[in-house]
J.: 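The structure that follows is given in the form of structure tokens.
If you're wondering where the values come from, they're calculated on a predicted model, not measured in any experiment. Basis for what follows: all heavy atoms, side chains included, without hydrogens, waters or symmetry-related copies.
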Amino acid sequence: MDQQARLLSSQLVHKRRQVEVALTCGVLAWREIERSARRSCGFLNNGPKTASSHAVQVGEIVAVLKTKNADEDYAETGRSPKKAKHHSPLYPFAFTVSYIRRRRQHQWRCRDVTFHSANEGLCDQWIQVINEQLSLLTDRPKSLLVYINPCAGKQRGKRIYERKVAPLFSRACISADVIVTERVNHARDHLNTEANLDKYDGIVCVGGDGMFSEILHGLVTRIQTDNGVDQNQQDVKLLPCGLRIGIIPAGSTDCICFATVGTNDPVTSALHVIVDSQPMDVCSVHHDDVFLRYSVSLLGYGFYGDVLTDSQKKRYLGPARYDLSGVKTFLSHNYYEGTISFLLAENNIGDPRDKLQCRSGCHVCQHKPSSKDVQWEMSQETSDKDGRVGWSVIRGKFIAINAASMSCACPRSPKGLSPSAHLADGTTDLILVRKCSRLDFLRHLVRHTNKEDQFDHSFVEVHRVRRFCFQPQRHEVVSLEDPIESPKKTGFRPVCSAQTTCDYGTSCSSWNCDGEILPRAAIQVSVHCQLIRLFARGIEQQPPCLLEDQCTLAALEPSRRRSVD
């Protein structure tokens, strides 16, 4: 009943129509007063015959501000006064509530509703009470550090931020320190050494998945370094990051936005930053006792590694380079031999083929392993080559080995590489595509674009794992000098595409780690459950229908009866 208790209720004016407005702890609702009631109050009968109702969750209110009249606006700006669209001299005082409104395809927009009153004190009271409720939402950021990659995607990052994102942050009273990056890993290095993290509630990057990876590495490394945690140790328990991370899409693929928000729309992502956040898993990748990189989306060996390796030489083509390299790699039809070992997530809720997609409020991600489960998993975490129990080992020839820590959805693959992968369950979905004909592999790729089960092939298997290791058949020798730097410095040789001249049984591919090439093929991967928090609510299954919410009806109904009587 506390949730349904009205904090404030008044008769106000909206678009020249009298409305009942009510506020509870969870909902702001307003409903137009019926025609008979409006006549008694002297209103013109211009509205529809049926009263309309609206409701907004308090958690989705961006801001509430006092609305300036034309004379005040002219005094401050010097612009010619314009008559307000719905201004009435009988109701000169007003306040505006900015809130989130949903559109199709998971897009959000910021919409305004303005309420007028003849009483200035009443408007001030509404502003005060709503702001008091917003102040109780302690997860909302107040200060952000923003990095803008001016070269991402179509080089529109700075313009996107200034025109679409900054006004929303300003409206939500969020202060932002903005840094435009000048080189590769500028943001990572700044977070590692110079940034005063105590000043901020979160870090936001404007760019693509590569820029997000920079922020991730800089922040996670800084936290571990400050607390004396050695990232080179494979079995070390990493400390979670207190600061949240957000991404405003401005890149070529924006896979992370598609998998966490459902769209690559900058306005939608900015509104997610303002109102919500959720935990996210992070994979650490090692080669023996050397830390290589962190990953949050895709680790791909074979096909996706070859596509990335080839595309690096065609960056001048922009996003089209992935299409060209993808066709070339498919026609090459390379396969690679190696051994994959993995620790199954047997006590985890869910399965890679259960068709249970990760959505906002996902109960799989909310489930945390018990202390008994954790102790059991720790007892299994010993190297298979040392005779560890509980590890599965598969040797063979593979066209692709993929580890998806999220669905990896994108516009061309709406369901992603693993449609049922979860963001924060402490696992990754290991997908093994064995050597097969070119036609069979094409069938597998095509299923990424439709609703069919892409794992329903004899040459494809998928496992939900907590850790895995891969050892190629041939031992490769590659420099490990700064493995997080640009792949051009690794000296890794692209795989030959001439099938008649290559020995694929002994050749090595490259690992595609969130769009970056790893300098080693032999790797060990561990999943760190909920290591970071992402500024995102998650993909909504369907928009909430507040008009049927009992809190909304309870807020409006008593006031409505009183006004009619």
Side-chain angles (χ1 to χ4, degrees), residues 3-48 51-58 60-77 79 81-99 101 110-137 171-173 546 551-565:
Q3 179 76 4
Q4 298 181 6
R6 287 181 292 130
L7 300 175
L8 198 58
S9 178
S10 304
Q11 289 188 4
L12 301 172
V13 175
H14 172 56
K15 294 184 178 180
R16 293 187 177 274
R17 297 186 177 94
Q18 195 172 33
V19 293
E20 290 287 346
V21 187
L23 176 68
T24 70
C25 294
V27 176
L28 172 68
W30 63 97
R31 176 160 52 190
E32 184 181 348
I33 298 175
E34 285 83 346
R35 181 187 302 179
S36 58
R38 291 205 311 272
R39 279 178 179 163
S40 64
C41 296
F43 278 77
L44 295 176
N45 185 18
N46 296 328
S52 58
S53 300
H54 304 273
V56 177
Q57 291 181 352
V58 171
E60 295 185 355
I61 295 177
V62 176
V64 56
L65 298 170
K66 189 171 184 179
T67 307
K68 299 175 183 177
N69 58 40
D71 293 336
E72 291 175 335
D73 188 59
Y74 176 70
E76 290 187 10
T77 65
R79 294 176 298 186
K82 298 180 180 179
K83 184 177 291 186
K85 185 175 181 180
H86 303 293
H87 177 73
S88 170
L90 298 177
Y91 302 93
F93 307 104
F95 64 94
T96 298
V97 178
S98 301
Y99 64 96
R101 184 175 180 181
C110 187
R111 292 291 180 262
D112 294 336
V113 56
T114 299
F115 298 106
H116 296 261
S117 174
N119 187 336
E120 183 178 13
L122 182 61
C123 287
D124 293 339
Q125 184 182 11
W126 271 97
I127 295 172
Q128 178 183 349
V129 175
I130 294 177
N131 277 326
E132 287 175 353
Q133 294 304 303
L134 295 181
S135 67
L136 298 177
L137 305 174
R171 188 183 305 186
C173 299
L546 285 179
C551 297
T552 305
L553 298 177
L556 287 169
E557 195 64 27
S559 181
R560 172 178 173 264
R561 288 197 301 266
R562 185 175 62 253
S563 65
V564 174
D565 295 338

J.: SG/Cys173 to CG/Asn131 distance, rounded to the nearest 0.5 angstrom?
T.: 7.5 Å
J.: Return yes if some donor-acceptor pair links the side-chain N/O of Thr96 with the main-chain N/O of Asp112 below 3.5 Å, else return no.
T.: no
J.: Kindly give the heavy-atom pair with the smallest separation between Glu132 and Ser135, and that separation in Å.
T.: O-OG, 2.6 Å
J.: CD of Gln133 to CG of Leu23: how many Å apart, nearest 0.5 Å?
T.: 6.0 Å
J.: Let me confirm one number: the CZ-CD1 distance from Phe115 to Ile127, rounded to the nearest 0.5 Å.
T.: 12.0 Å
J.: What distance separates Lys15 NZ from His116 NE2, expressed to the nearest 0.5 Å?
T.: 10.5 Å
J.: Of the non-hydrogen atoms in Thr114 and His14, which two are nearest, and what is the gap between them?
T.: O-ND1, 3.0 Å
J.: If you look at every heavy atom in Ala94 and Cys123, which pair is closest and at what distance?
T.: N-SG, 3.7 Å
J.: Side chains of Gln18 and Glu32 only: does a donor on one sit below 3.5 Å from an acceptor on the other?
T.: no
J.: My understanding is that only one of Asn119, Leu8, Ile130 makes a side-chain contact (heavy atoms from CB on, under 4.5 Å) with Gln125; could you say which?
T.: Leu8
J.: Would you say the side chain of Glu60 lies within less than 4.5 Å of the side chain of Tyr99, judging by non-hydrogen atoms?
T.: no
J.: So do the side chains of Val58 and Cys25 get within less than 4.5 Å of each other, counting heavy atoms only?
T.: no
J.: Just how far is it from atom CZ of Phe93 to atom CG of Leu122, taken to the nearest 0.5 Å?
T.: 11.0 Å
J.: Nearest 0.5 Å, what's the CG-CH2 distance between Leu12 and Trp126?
T.: 6.5 Å
J.: Kindly give the heavy-atom pair with the smallest separation between Ala63 and Leu134, and that separation in Å.
T.: CA-CD1, 4.4 Å
